[in-house]
Amino acid sequence: MTESAIEVDRLSKRFGDVHALDEVSLTVPKGSVCGLLGHNGAGKTTLVNMLSTLLLPTGGTATVAGFDVVREGAQVRRRIGLTGQFASVDENLSGFHNLVLIARLLGASKRDARTRAGELLDVMGLVEAGQRLAKTYSGGMRRRLDLAASLVGKPELIFLDEPTTGLDPSARITMWQLVKRLVREGTTVLLTTQLLDEAEQLADSITLLSQGKVVVSGTPAELKARVGKRTVTITLASEADIPAATTALLDVGLPPQLPGGRPGSDAAETEEAEPELSVPAESPADLARVVRALDDADVTPRRLALVEPRLDDVYLAFTHPAPSAA
Ligand SMILES: Nc1ncnc2c1ncn2[C@@H]1O[C@H](COP(=O)(O)OP(=O)(O)OP(=O)(O)O)[C@@H](O)[C@H]1O
Ligand SMILES: [Mg+2]
């Protein structure tokens, strides 16, 4: 049996009439990464803030590292690191001094504080920048310093609230590598994100929140299996091929759709768009059937691809689907 690092049971938070969080339940096994996904205002930060004892629940219970977040807040705080959505380091101190200060606040001796600060700058790739004021840091450096700040006390659990929002792709990948390293060392991570590829990269399990409620949860693979079917995408050489291809596919029982799930066979809407059809595929054998059907109809596609379901499909299926952009 896996021990849980976090147990949340029907946790709620109301701000006046706003149900920011509404009876959310959630279990995070030790050493795993839980990704909280959801639109702006879904309740992600509210949940993180209650688990890190910054905010009191209005209903339900939660334990972190086995301690109740309301009755045993001090015990919880001793075991967690928090990197907030809105950063918390002192701009007018150097990276090094920020970390030393936090270590001192946590009770380390001067010498131990300096050692810990040095170690963390090293892990975060900030040794060179360590003596510069934090306000001179780039966004990526700043986030790494935030993460370092949350690690000073060697927490068994860290909360990362949108750790890579606003970072460029390479800074984001660096951040992911740092988080993966912490996980390998046994740290449990609860992370909120708007980025589906971030959840896919890092999370062992995903909980999707919408309007304060859990709408679905599971491993990335489970969630994708629930909504997405594989599809074969057929890019045709010309729009003139659409009718022949459609008929051939219908004849073999593989009804095609225009990509995006829009039914019918109206011509592609934008001038530059290459004509595409997609066919739901139950198995790779369906790809072979598509090829044969097109070949029999003398249609030579420009490209054929077997497309796996994406986490985006899950997100859209379980939250409010955006109005069709067509
Ligand atoms: N202090 C507060 N007072 C009143 N309402 C609040 C307060 N904090 C949050 N809320 C409301 O609670 C809801 C959830 O907010 P929360 O910040 O948890 O969302 P979020 O999922 O973190 O969103 P984002 O992706 O924008 O960070 C929102 O409707 C928000 O307006
Ligand atoms: Mg938030």
Side-chain angles (χ1 to χ4, degrees), residues 6-28 33-64 69-70 73 76-77 80-89 139-140 142-147 149-150 157-168 171-172 175-176 179 188-203 205-218 220 223 311-312 314-322:
I6 304 175
E7 289 272 3
V8 177
D9 187 24
R10 284 165 293 161
L11 199 66
S12 300
K13 179 71 187 179
R14 285 179 68 157
F15 295 104
D17 292 340
V18 180
H19 290 261
L21 214 69
D22 195 5
E23 305 214 333
V24 164
S25 297
L26 171 78
T27 301
V28 183
V33 182
C34 170
L36 281 179
L37 280 172
H39 290 306
N40 292 130
K44 305 180 296 295
T45 298
T46 302
L47 177 54
V48 168
N49 285 348
M50 287 195 286
L51 295 179
S52 47
T53 78
L54 298 175
L55 204 60
L56 282 172
T58 47
T61 57
T63 61
V64 169
V69 293
V70 177
V76 171
R77 283 190 291 279
I80 62 170
L82 172 67
T83 302
Q85 187 173 6
F86 304 105
S88 53
V89 301
R142 186 56 193 265
R143 291 306 175 95
R144 281 181 276 146
L145 181 60
D146 286 337
L147 180 58
S150 73
L157 233 139
I158 54 171
F159 297 115
L160 302 174
D161 198 0
E162 302 200 22
T164 67
T165 298
L167 297 192
D168 70 35
R172 181 167 292 150
M175 199 69 181
W176 291 348
V179 174
T188 307
V189 178
L190 179 77
L191 136 124
T192 81
T193 183
Q194 307 266 1
L195 302 165
L196 297 159
D197 54 343
E198 181 156 292
E200 185 129 46
Q201 277 284 326
L202 296 177
S205 67
I206 288 175
T207 292
L208 186 55
L209 291 177
S210 181
Q211 298 182 328
K213 289 186 163 61
V214 174
V215 280
V216 68
S217 58
L223 297 189
L311 218 42
D312 303 48
V314 178
Y315 191 78
L316 291 174
F318 284 98
T319 56
H320 314 286

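Whatever order the structure lists them in is the order used to number ligands and atoms, beginning at 1.
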Is the backbone N or O of [Y] less than 3.5 Å from a side-chain atom of [X], with the two atoms forming a donor-acceptor pair by type?
X	Y	answer
Ser25	Arg10	yes
Arg172	Leu167	yes
Lys44	Leu209	no

Determine, considering heavy atoms only, which of Lys44, Met50, Gln194, Gln211 sits nearest to atom 20 (P) of ligand 1.
Lys44

Can you check whether Ala42 has an N/O within less than 3.5 Å of an N/O in ligand 1?
yes

Output yes when the distance from some N or O of ligand 1 to some N or O of Gly41 is under 3.5 Å, and no in every other case.
yes

Among Val70, Thr46, Val8, which residue meets the side-chain contact (heavy atoms from CB on, under 4.5 Å) test with Pro57?
Val70

Relative to the heavy atoms of Thr45, which atoms of ligand 1 are at a distance of less than 4.0 Å?
17 (O), 18 (O), 20 (P), 22 (O), 27 (O)

Proximal atoms of ligand 1 relative to Thr46 (non-hydrogen, under 4.0 Å)
14 (C), 15 (O), 16 (P), 18 (O)

Decide whether the shortest distance between a heavy atom of Gly43 and an atom of ligand 1 is less than 4.0 Å.
yes

May I ask whether Lys13 has any heavy atom positioned less than 4.0 angstrom from an atom of ligand 1?
no

Does a side-chain heavy-atom distance below 4.5 Å link Leu47 with Phe159?
no

For the residue pair Met175 and Leu160, establish whether any side-chain heavy-atom pair is separated by less than 4.5 Å.
no

Less than 3.5 Å apart, any donor N or O on the side chain of Thr58 or Arg14 sitting next to an acceptor on the other?
no

Structural part of Glu162 in contact with ligand 1, heavy atom criterion under 4.0 angstrom:
side chain

Taking N, O or S atoms only and a limit of 2.8 Å, check whether Thr45 reaches the Mg ion (ligand 2).
yes

